[in-house]
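The structure appears below as structure tokens.
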Amino acid sequence: AEYMGEFVKIITKADIDPIYYCELLKECKIKDDGDAKFTKFDVMPKSGPQGEFDISFEYTSMNGTGTGEIDLDIDTVDHIPLGQGFLHEEAAAGTYTGTFKLKAQPDPDCDPTQGPCEEW
């Protein structure tokens with residue numbers, strides 16, 4: 001649905017689980033037999049200096065999936081939690097791919113007096 005993104009923004013701002021309420025409103029199908037399994041996970045480049053890394057994945061589902069979220073959490077060497085996620089709408093049975101972009105560089109706007117800053 002085209003309005004799904006705006007709906008998620010409003011519910012997120014209200015600190016309500018957007019997927020749960022989407023299901024309550026019958027806008028997101030509840031899928032109890034989802035069976036997605038990750039089949040590939042890769043990082044390019046494998047290692048290197050500070051810079052941008054592509055983290056790609058592939059998953060397959062025989063039954064299809066309901067609405068949910070795909071999240072990536074990164075354990076850094078200095079133990080500052082990093083993560084990213086995105087909404088995953090209902091999908092038919094099949095194989096799907098996605099990519100996260102990781103910018104492994106210190107944040108120039110980070111203020112160490114307000115908390116730890118990721119140094120990479």
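Under the 4.5 Å side-chain heavy-atom criterion for ILVMFWY residues, no single connected hydrophobic cluster contains both Trp120 and Val77. Two different hydrophobic clusters hold Phe86 and Tyr21 under the rule that ILVMFWY side chains link at heavy-atom gaps under 4.5 Å. Side-chain heavy atoms closer than 4.5 Å link hydrophobic residues (I, L, V, M, F, W, Y) into clusters, and following such links, even through other members, never connects Phe100 to Met44.
Counting heavy atoms from C-beta outward, Asp73 and Asp75 have side chains that stay 4.5 Å or more apart.
Here OG1 of Thr65 is found 8.0 Å from CD1 of Ile70. Values are rounded to the nearest 0.5 Å. Distance check: Thr99 OG1 to Leu72 CG gives 11.0 Å after rounding to the nearest 0.5 Å. Considering CD of Glu27 and CD1 of Ile19, their distance stands at 14.0 Å, rounded to 0.5 Å. Between atom NZ of residue Lys37 and atom OG1 of residue Thr95 there is a gap of 13.0 Å, rounded to the nearest 0.5 Å. We find the CG-NZ distance between Leu82 and Lys103 to be 14.0 Å, quoted to the nearest 0.5 Å.
Applying the side-chain hydrogen bond (donor to acceptor under 3.5 Å, both in side chains) criterion to Asp109, with sequence neighbours excluded, gives no partner residue. Under the rule for a salt bridge (charged side-chain N to carboxylate O under 4.0 Å, His left out), the partners of Asp33 that lie at least two apart in sequence or sit in another chain are Lys31. Partners of Lys46 according to the side-chain hydrogen bond (donor to acceptor under 3.5 Å, both in side chains) rule, which considers only residues two or more places apart in sequence or in another chain, are Asp42. Checked against side-chain hydrogen bond (donor to acceptor under 3.5 Å, both in side chains), Thr113 has the following partners two or more places apart in sequence or in another chain: Asp111. Not counting sequence neighbours, Thr67 has no partner by the side-chain hydrogen bond (donor to acceptor under 3.5 Å, both in side chains) test.
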**Prompt:** When you look at Ser61 and Asn63, which way does the side-chain hydrogen bond (donor to acceptor under 3.5 Å, both in side chains) test go after all the steps?
**Reply:** CA-CA 6 Å; Ser61 173; Asn63 298 330; over 6 Å; no

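Considering every non-hydrogen atom in both Glu23 and Lys29, the closest pair reads OE2-O, 4.4 Å.
Evaluation of the disulfide bond (SG atoms under 2.5 Å apart) test over residues 47-113, restricted to residues two or more places apart or in two chains, returns Cys110-Cys117. Residue pairs satisfying the disulfide bond (SG atoms under 2.5 Å apart) criterion with at least one member in residues 24-108, sequence neighbours excluded, are listed as follows: Cys22-Cys28. Within the structure, ring-ring contact (aromatic ring centres under 6.0 Å, His included) contacts touching residues 59-80 (residues at least two apart or in different chains) are Tyr59-His88, Tyr59-Tyr96.
Tyr20 OH: 12 or fewer foreign heavy atoms inside a 6.0 Å radius.
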Just distance, no hydrogens or angles: give the donor-acceptor pairs under 3.5 Å from side chains in residues 48-58, sequence neighbours left out.
unit_1, atom_1, unit_2, atom_2, d
Gln50, NE2, Glu119, O, 3.1
Asp54, OD1, Lys101, NZ, 2.8
Glu58, OE2, Thr39, OG1, 2.9

